[in-house]
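First up is the structure itself, then whatever we jot down about it.
Any value given below was found using the heavy atoms of this structure, including those in side chains, with hydrogens, waters and symmetry copies removed. Just follow the structure's listing: the first ligand is 1, and inside any ligand the first atom is 1.
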Amino acid sequence: MKSRKNAQSRTLRASALVAVAVAGITVSGCTNEDPTKNADVVKGKKLFVQKCGACHVLGRAGTKGVTGPNLDDAFRIARVERWGDKGIAGVVYGQIGYPGRTTLMPANLVKGQDAKDVAAYVAAVAAVPGKDTGLLAAAVPTPGGGKPAVEQNGVLTIEADPNGQLAYTQTTATATAGPVELRMPNKSGVPHNIEIEGASIATNIVKSGTASAKGTLKPGTFTYFCAVPGHRAGGMVGKLTVK
Ligand code: HEC
């Protein structure tokens, strides 16, 4: 089957990545480092959600990005083959520094100890069933926890999740029919926009700052969503009621 084949080719590529990572370490003159040593996995989880989650599914991190491979699937065989957290962390760490020729995954999204923290977190949870507990569970708030957005003086503000998750803080909104300015503050560093389906109101895409667009609302129920590929499917949607 296609998916199984993909998983195998990923594992093969993952093995190649170990070689790349080791080569990189030799070049930089370090010894065989263990990214999990003294790693702060709570920080690693926060950084993973912010810097990686918009492109990767990782069940325990609650991330839903689909631009890159699903990281639970990517490391399932490695887990069965008992590479151990250290082995998996080495691959993730290598991938962060040397993502290869793909233009889709930028190199060095996190650096130094941050990269080790991310690698250690992914290694601790990828393809591990269950849920994060304790400090890890509390590391990143559940997205979409905000009160409904309410239009005020012609302005409707709906915030992108500040932690980089594929969600808006407000999952429902209300407005009155007529002219409106739609605003989307985005503190996450992940590119997002907001569009109201069927209303011809769409902001530009921003990584930080506030995106805004003007238009006119008619009464009805509408869906608002992020048009960056994969983000709507990942959960970046909400319902707007116009009266
Ligand atoms: C802009 C999207 C994007 C971001 C952000 C991103 N990745 Fe990726 N990642 C990809 C893509 C696409 C691939 C597949 C590369 C390829 O085709 O070879 C990938 C591959 C990987 C792989 C290899 C998986 C496998 O199947 O071999 C790992 C591990 C990984 N990424 C980890 C991370 C980590 C950790 C971060 C955050 C520091 C991150 N990625 C951020 C897009 C992204």
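The OG1 atom of Thr157 sits 8.0 Å away from the CD atom of Glu181 when rounded to the nearest 0.5 Å. Annotation: the span from Asp72 atom CG to Leu58 atom CG amounts to 5.0 Å, rounded to 0.5 Å.
Among the backbone and side-chain atoms of Cys55, none of the N, O or S atoms lies under 2.8 Å from atom 8 (Fe) of ligand 1. Contact annotation: Gln95 places no N, O or S atom under 2.8 Å from atom 8 (Fe) of ligand 1.
Annotation: side chain of Asn163 is not in contact with side chain of Ser188 (no heavy-atom distance under 4.5 Å). Leu240 places none of its side-chain heavy atoms less than 4.5 Å from the side chain of Thr221.
Salt-bridge annotation for Asp40 and Lys45: absent, with no side-chain N of the basic residue lying under 4.0 Å from a carboxylate O of the acidic one. In this structure, Arg76 does not pair ionically with Glu81, as no charged nitrogen and carboxylate oxygen lie closer than 4.0 Å. Of the charged side-chain nitrogens involved, none lies within less than 4.0 Å of a carboxylate oxygen, so that Asp114 and Lys111 do not count as a salt-bridged pair.
Taking every heavy atom of Val92 and a limit of under 4.0 angstrom, the matching atoms of ligand 1 come to 35 (C). Close approach of ligand 1 to Ile96 is summarised as follows: ligand atoms under 4.0 Å from at least one heavy atom of the residue are 35 (C). Of all atoms in ligand 1, numbered sequentially from 1 with element shown, those under 4.0 Å from a heavy atom of Val110 are 38 (C).
If you look at Val118 next to ligand 1, the close heavy atoms, those under 4.0 Å, all belong to the side chain. By the criterion of a heavy-atom distance under 4.0 Å, both the backbone and the side chain of Leu104 are placed next to ligand 1. At a heavy-atom distance under 4.0 Å, only side-chain atoms of Phe75, from C-beta outward, approach ligand 1. With a heavy-atom cut-off of 4.0 Å, Val91 does not touch ligand 1 at all. The side chain of Leu71, and not its backbone, has at least one atom closer than 4.0 Å to an atom of ligand 1 (non-hydrogen atoms only; side chain from C-beta on).
Considering each of Pro69, Ala115, Gly164, the one bringing a non-hydrogen atom nearest atom 14 (C) of ligand 1 is Pro69. Among Ala123, Cys52, Gly44, the residue whose heavy atom lies closest to atom 38 (C) of ligand 1 is Cys52.
A ring-centre distance under 6.0 Å is found for Tyr224 and Tyr168.
Among heteroatoms of the N, O or S kind in His56, NE2 lies nearest atom 8 (Fe) of ligand 1.
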For Val155 and Val180: C-alpha separation, side-chain torsions, deciding distance, then whether side chain to side chain contact (heavy atoms under 4.5 Å, CB included) applies.
CA-CA 6 Å; Val155 177; Val180 70; over 6 Å; no

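At least one heavy atom of Thr67 sits less than 4.0 Å from an atom of ligand 1.
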